[in-house]
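Report on the following structure.
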There are 4 protein chains.
Amino acid sequence: MPKLGMQPIRRKQLIHATLEAVDQVGMGDASISMIARLAGVSNGIIAHYFQDKNGLLEATMRHLMKALNQAVRTRREQLADDSPRAHLKAIIEGNFDDSQVNGPAMKTWLAFWAFSMHQPSLHRLQRINDHRLYSNLCCEFRRVLPLEKARSAARGMAALIDGLWLRGALAGDDFDIEQALQLADDYLDQLLANR
Amino acid sequence: MPKLGMQPIRRKQLIHATLEAVDQVGMGDASISMIARLAGVSNGIIAHYFQDKNGLLEATMRHLMKALNQAVRTRREQLADDSPRAHLKAIIEGNFDDSQVNGPAMKTWLAFWAFSMHQPSLHRLQRINDHRLYSNLCCEFRRVLPLEKARSAARGMAALIDGLWLRGALAGDDFDIEQALQLADDYLDQLLANR
Amino acid sequence: MPKLGMQPIRRKQLIHATLEAVDQVGMGDASISMIARLAGVSNGIIAHYFQDKNGLLEATMRHLMKALNQAVRTRREQLADDSPRAHLKAIIEGNFDDSQVNGPAMKTWLAFWAFSMHQPSLHRLQRINDHRLYSNLCCEFRRVLPLEKARSAARGMAALIDGLWLRGALAGDDFDIEQALQLADDYLDQLLANR
Amino acid sequence: MPKLGMQPIRRKQLIHATLEAVDQVGMGDASISMIARLAGVSNGIIAHYFQDKNGLLEATMRHLMKALNQAVRTRREQLADDSPRAHLKAIIEGNFDDSQVNGPAMKTWLAFWAFSMHQPSLHRLQRINDHRLYSNLCCEFRRVLPLEKARSAARGMAALIDGLWLRGALAGDDFDIEQALQLADDYLDQLLANR
DNA sequence: GATGAATGAGTGTTCATTCAT
DNA sequence: CATGAATGAACACTCATTCAT
């Protein structure tokens, strides 16, 4: 008798096992059987739920992206203040959400960046994600800056956010999130001041 | 004695073949035999000159780092103007040198970032490289800013440079270097203005 | 579930293929793929059941040791006469059992002796096996000889058995088992006479 | 200018390096380049003096056999007493000469036994060596025993010698040579008493 | 006489994938 | 739904051998 509704449970199990595996040994050495072992299921099950390894990796990336979007959206929805500045801060902070700055997530993002350069389906996801950050920022800057200035500000802020995140990820345990937020905040002030 | 002085020639050959291979198929699929084929030599020669695959990858990373340092140093040495601002601009521009923004180099850097998270010897190299950028920037900022402000500025600028580079690399052919330099320059102005 | 209970079948298959391979080309040239071919299975299956080549070799050695112990035990259990002499003869004869004097077994034992000098896990097995022969002999000698004489007799008899076996193995097809048993028997008479 | 008379020097160097290599890692892992390194010469030199690896191994085996024969002959020549008993003791003792019971020699003999089963040229050498021990013993026994008894005694004594040596070699550092000689001596007494 | 660069076949091992149960 | 047995290609690496110098 088939257990009903196993699909979402198994998928979550396997995606988390993938993150854990990448955290432990890197994406290159995260084999199907290791992931299956971490998830406590058999090898074959991955084909059942994700077709093949690429399917699992793509699903894992979508999971991270969804978590990022969720982190940003939640912060923006809970805003008392509807000012551009408040929204921009929320976007910045969302990018340094717990779901994005833990070991497994950081290592997996790094691995995906490299991998996506040679995998069209992942590259598309990657570009969508990059564009969403820019687009979110640009929208808000647009409320207080002329178009070209807004675009420029969005490009700069997106780069600073990613750069801070990247250097933090590479630094490992020394990632000082408060400091990163402070730097982004200072930059934001300057961008907004420069009308 | 056999042909003498082949070592530096072969090493260069193989490092360039590695960059080419990573550019074509990514580091995960850049096999020893593919690299050897691209270099026009036999598989076994890699062991002869680099001990093993890791040795070759590490040498390739050192090559990229050396090129980056060289690009920065050359620009600084040729400076007519010895002002902090000029030096900082030279550092920024060095990071977007041709040796760093071509396809093979960008893909290889991305791959190394991911890989270094699980390879202590590469991680060490990575940290040295990250620190050098910060350190170079900090020195120059220090000439015009108080210590804490200089540190902050260096951290911010390092992050912006890396972020611009990263987003450019992920964008692929659409990497607009002029635009990136402009954004970094604007940020630099603001940092220097904020004494 | 897939075919159940394949493990013991496959393990026997592969151990016998190993003995055959060592018989045909020696342990140095008995490659995984040759063994797999002889067993009629794929290369990869060895990892599935024995982890790696060493695991297979160790299992093969255990198989030979088990056969030897079985050959001795069976003879002793079927003894009508419970005298020390009868037991000692049974031990001697067990060491020249068909399972121990055929080509594959002899060549594999020789190879293991050499190999065990550099493989701690096999060396341990080897010592256990050596000690068991001595120990079995000593127990029986002890029933009719004082301690020191029993020990001496056991050492001598163990050496003679191994020496006869060794020279027989090296002689190849000319191994005259009857002659070997006769020599061991004569030696036994002398040891027992020397109270 | 070619150095004259290098051949015997280089050959000795390489044979000793081979024994050392086999002692350290076993014959399976004693590569040409390891042997060359231990000898302090280049890889290519082995082909120069021994044609190929087999040539070197065969020469090494001949070296061990020569040392064994020398050890026996020297003892017999220095005998004051020309009795069969004295000669037999000399033969026994020669087989436990320092040149035969050190680590490198023991490990190499074991490896050769295994290897010779699949290498006709080495097998021939092996049989010559085995036969020489038997033949030497038989000659002396013949002086005091009838033909069949002499043959039997020689077979038994050869087996005991080899068996004691083998069990000693497998025991490693615990090889008690005095004990082995005592056991062989006791056996000798019994064989000579049984006219 | 001696070197060490270069080869390329061969090794053990790993792994994503398939499939009968 | 789920298993784990089985495959076979691919991998990094080793090595005896060759040969120009």
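These numbers come from the heavy atoms of this one structure, side chains and all, not from hydrogens, waters or symmetry mates. This one's a predicted model, so the numbers in the text were calculated from it and none came from an experiment.
Comparing F/dT3, E/dT3, E/dT7 by their nearest atom to the side chain of D/V41 picks out E/dT3. When each of F/dA6, E/dG12, E/dA2 is scored by its nearest atom to the side-chain atoms of C/S31, the top-ranked nucleotide is E/dG12.
One can place CE of A/M34 at 14 Å from P of E/dT14, the figure rounded to the nearest angstrom. With rounding to whole Å, D/D29 atom CG is found 13 Å from F/dC13 atom C1'. For the pair C/M6 CE and E/dA20 C1', the interatomic distance rounds to 12 Å; values are reported in whole Å. Atom pair A/Q13:CD and F/dA2:P shows a separation of 9 Å (rounding to whole Å applied). Taking atom CD1 on D/I35 and atom C1' on F/dA16, their separation rounds to 11 Å, with Å as the unit. Between C/I32 atom CD1 and F/dA10 atom P the separation is 19 Å, expressed in whole Å. Following rounding to the nearest Å, B/R10 (CZ) and E/dT7 (C1') show an atom-to-atom distance of 11 Å. Put simply, CZ on B/R11 is 17 Å from C1' on E/dA6, counting in whole angstrom units.
Taking 4.5 Å as the limit, some side-chain heavy atom of A/F115 sits within range of a side-chain heavy atom of A/N54. Considering only heavy atoms from C-beta on, C/H63 comes within 4.5 Å of C/L19 through its side chain.
The ring of D/H118 has its center no closer than 6.0 angstrom to the ring center of D/H123.
To the nearest 0.5 angstrom, C/R11 atom CZ is 12.0 Å from C/I46 atom CD1. A distance of 9.0 Å separates OH in B/Y49 from CG in B/L14, rounded to the nearest 0.5 Å. How far CD of B/Q126 is from CZ of B/F112: 9.5 Å, rounded to the nearest 0.5 Å.
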Practice item. Kindly determine whether B/L110 and B/L170 satisfy side-chain contact (heavy atoms from CB on, under 4.5 Å), including the steps that lead there. Key: CA-CA 9 Å; B/L110 281 174; B/L170 293 174; 4.0 Å; yes

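Against DNA chain F, the stretch residues 42-57 of chain C makes heavy-atom approaches under 4.0 Å through C/S42, C/G44, C/I45, C/H48, C/Y49.
For E/dG10, the paired nucleotide is F/dC13, the pair qualifying as Watson-Crick or G-U wobble because both relevant distances are below 3.5 Å. Under the Watson-Crick or G-U wobble criterion, with both distances below 3.5 Å, E/dA20 is paired with F/dT3.
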